[in-house]
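A short worksheet on the structure shown next.
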Amino acid sequence: MSEQANSSTNQNLRTPIVAVLGHVDHGKTSLLDKIRGSTVIEGEAGAITQHIGATAVPLDVVSQVAGGLVDPTEFDLPGLLFIDTPGHHSFTTLRARGGALADIAILVVDVNDGFQPQTEEAIRILKETGTPFVVAANKIDTVPGWNPQEDAPVQQTYEAQSDRVRQSLDEELYRIIGNLSDEGFSSDLYWRVQDFRANIGVIPVSAKTGEGVPDLLTVLMGLAQRYMKEDMEINLAGPGAGTVLEVKEEQGYGTTIDVILYDGTIRPGDTVVVGGGNDTIVTEVRALLKPKALAEMRAEKRFEQVDELRAASGVKIAAPDLDDAMAGAPVRVVGDRDVDDVIEEVEAELASAQVETEEEGVVVKADTLGSLEAMANALEAAEIPVMRAEVGDIAPRDIAVATTVNDESHRAILGFNVDVYPDAEQRAEEKGVHLFTNDVIYQLVDDYDTFVEEREREQREAVFDNIMRPARFQILQDHVFRQNDPAVVGVEVLSGTLKRNTPVGVFEGNDIRRVGTVKGIQDQGEDVDEVRAGERVSVSIDGPTIGRDVDEGDELWVDLPEKHAKVLEQELLEEIPMDEREALHMFLETHRKRDPFWGK
Ligand SMILES: Nc1nc2c(ncn2[C@@H]2O[C@H](COP(=O)(O)OP(=O)(O)OP(=O)(O)O)[C@@H](O)[C@H]2O)c(=O)[nH]1
């Protein structure tokens, strides 16, 4: 039998592919379920068809659900194909010839929760891929006082609400419109949008009650028909082209690939070229599988075989040698072309998705080719160099790669939506490799940035700890408690911080004469490690004899080594207090009267 997503009269127009994105728990799955559920109903003219990884909603079903909103005679696109796995992971996976596979996206935003990190991330990805989208402002039924109208269009549902409820909802919707504007998108409630290319349509919906779902389908259908028709014109009878959605082990079939076919036709027996982790795979389709219709589904047989499949559709391909196939990789039917040309085409497409790497940088792992690319873009924008970028979980091998870098802050692995093998985790700890994993790209980049900043701060502090600090102090009159071995005198610190075990001296003709080392500091009989400007304490100084080497009333300086003075002036000036800065400047100036390049 022939399995088609299209109930179209025009064989050369394929179904537009729709992806659903949004923040966790904002209702992506529920919305897809609702679309599937509300379209199963009547089931007369056509019904939805379940594909592998996708659900096709034919035009007549859309118009049934949408009631008066859609006039089927205005349309010649066959319907809509919804990708079943929501979220931007699958969205980024789904690339087609270098662009996004999805023709349109629905960005789901919870009206109560507004924009969240993954909403923003989804928007950035949509922007990067230039994918048109609409916003489903979901969960409108949760507005306090809501009067639900099962499966009704927005207008009808609005009319059924009290002024207060309507006003509350409007406030939430305008907040979302404001958020979109912050992200650089002009948007409005969908019924006010004239040109959907210039303005994002916001559609209030409830995945729970189905309110607004007719509007959502209408807008999607209209958008596709109006602006995407040309892109949908393909040679349906030509050789199939698709993208691997998932690589899966299937009992009785071995390793299979779930593929979204976006162009042409595929049949059992076809030679196909599939992008692999190591080598490009050339194999022969053994079976094309689609889910068994619900009624006939028996536990042991989940699939039925089809003998032809046309774009756009989702299918499971069983074929030998698929173990190394990669999620996000291209699949091409060879047809009557030269197989080498097709291999070249697939490899070129893989190469275009490849991340530019440098000799020194971090290691990046991601779940799919598409997300790897998205990661690479984000890292490039953040000016983080990448040494290695691969699809797959974090394995011990990656730790080995990460240990080869010179710069400690590049000794890191950033994993997007991947797992870490337990032995890799242990190895990382042993080798001092830092692992970062997250399922929000920008969070991952942020976490890494924070780590680098923290490290730099620690390094500065370590330098700081080992650096002598400037200070000057005066021996007070009538405060000589001991002449020498060690000399014990009362002093006042004039600027800076005087610490124990620092060499001190007096300036003579713009050069410092070392007189000894401050051994101990006592503040009112208590030993202290350091003393700040303005304080008076007694200090013991190893070296000088009072009255011969230094006198009461003399000003003494910490005898800063030239190197320390240089680091302080060039790197740490911002970190030291004003009075210390002043002491440093005086110290440098005096030295530079003698030698203009001192400490430079
Ligand atoms: N009241 C109400 N609840 C909703 C609506 N849509 C979703 N929910 C609830 O919100 C929760 C999250 O919904 P999901 O559909 O799982 O959200 P999701 O975005 O797919 O979540 P992830 O797949 O985990 O990212 C569930 O408890 C849903 O029942 C809605 O329109 N109204």
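Counting starts at 1 for both ligands and their atoms, following the listed order.
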If the plane angle is over 60° it's perpendicular, under 30° parallel, otherwise tilted; pick one for His434 and Phe451. tilted
Record the part of Lys208 in heavy-atom contact with ligand 1 below 4.0 Å; permitted values are side chain, backbone, both and neither. both
Kindly confirm or rule out an N or O of Asp141 lying under 3.5 angstrom from an N or O of ligand 1. yes
Close N or O approach (Ala207, ligand 1; < 3.5 Å): yes
Taking [atom] as the reference point, the nearest protein heavy atom with its distance:
{"atom": "atom 9 (C) of ligand 1", "value": "Lys139 NZ, 3.9 Å"}
{"atom": "atom 7 (C) of ligand 1", "value": "Ser30 OG, 3.3 Å"}
{"atom": "atom 6 (N) of ligand 1", "value": "Asn138 ND2, 3.1 Å"}
{"atom": "atom 17 (O) of ligand 1", "value": "Gly27 N, 3.1 Å"}

Is Arg388 salt-bridged to Glu390, cutoff N-O under 4.0 Å? yes
Is Asp84 paired with Arg36 through a side-chain N to carboxylate O contact shorter than 4.0 Å?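 Between Asp84 and Arg36 there is a salt bridge, with a charged N closer than 4.0 Å to a carboxylate O.
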Counting the benzene-type ring for Trp, do Phe416 and Tyr442 have ring centres under 6.0 Å apart?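 So the answer is no for these two rings.
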Given the side-chain rings of Phe196 and Tyr227, with only the six-membered ring counted for Trp, is the space between their centroids under 6.0 Å? no
Reported CG-to-CZ distance for the pair Asp170 and Arg175, which is rounded to 0.5 angstrom: 13.5 Å
Out of the candidates Val57, Val18, Leu77, Ile104, only one should pair with Met221 under the side chain to side chain contact (heavy atoms under 4.5 Å, CB included) rule; please name it.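 The passing option is Leu77.
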Given the protein's heavy atoms, is any one of them under 4.0 Å from atom 26 (C) of ligand 1?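 Protein heavy atom within 4.0 Å of atom 26 (C) of ligand 1: absent.
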Under 4.0 Å from a heavy atom of [X]: give me the atoms of ligand 1 that qualify, with their elements.
{"X": "Val24", "result": "24 (O), 25 (O)"}
{"X": "Lys28", "result": "15 (O), 17 (O), 18 (P), 19 (O), 20 (O), 21 (O), 22 (P), 25 (O)"}
{"X": "Thr29", "result": "15 (O), 18 (P), 20 (O), 23 (O)"}
{"X": "Asp25", "result": "10 (O), 12 (C), 17 (O), 18 (P), 19 (O), 21 (O), 22 (P), 24 (O), 25 (O)"}

For residues Ser187 and Asn199, is any side-chain donor paired with an opposing acceptor at under 3.5 Å? no
If only side-chain N and O atoms count, and only distance matters, is there a donor-acceptor pair under 3.5 Å linking Asp110 with His23?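 Their side chains do not contain a donor-acceptor pair, so the 3.5 Å distance test is not met.
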Quick one: does His23 get a heavy atom under 4.0 Å from ligand 1?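 Under 4.0 Å: yes for His23.
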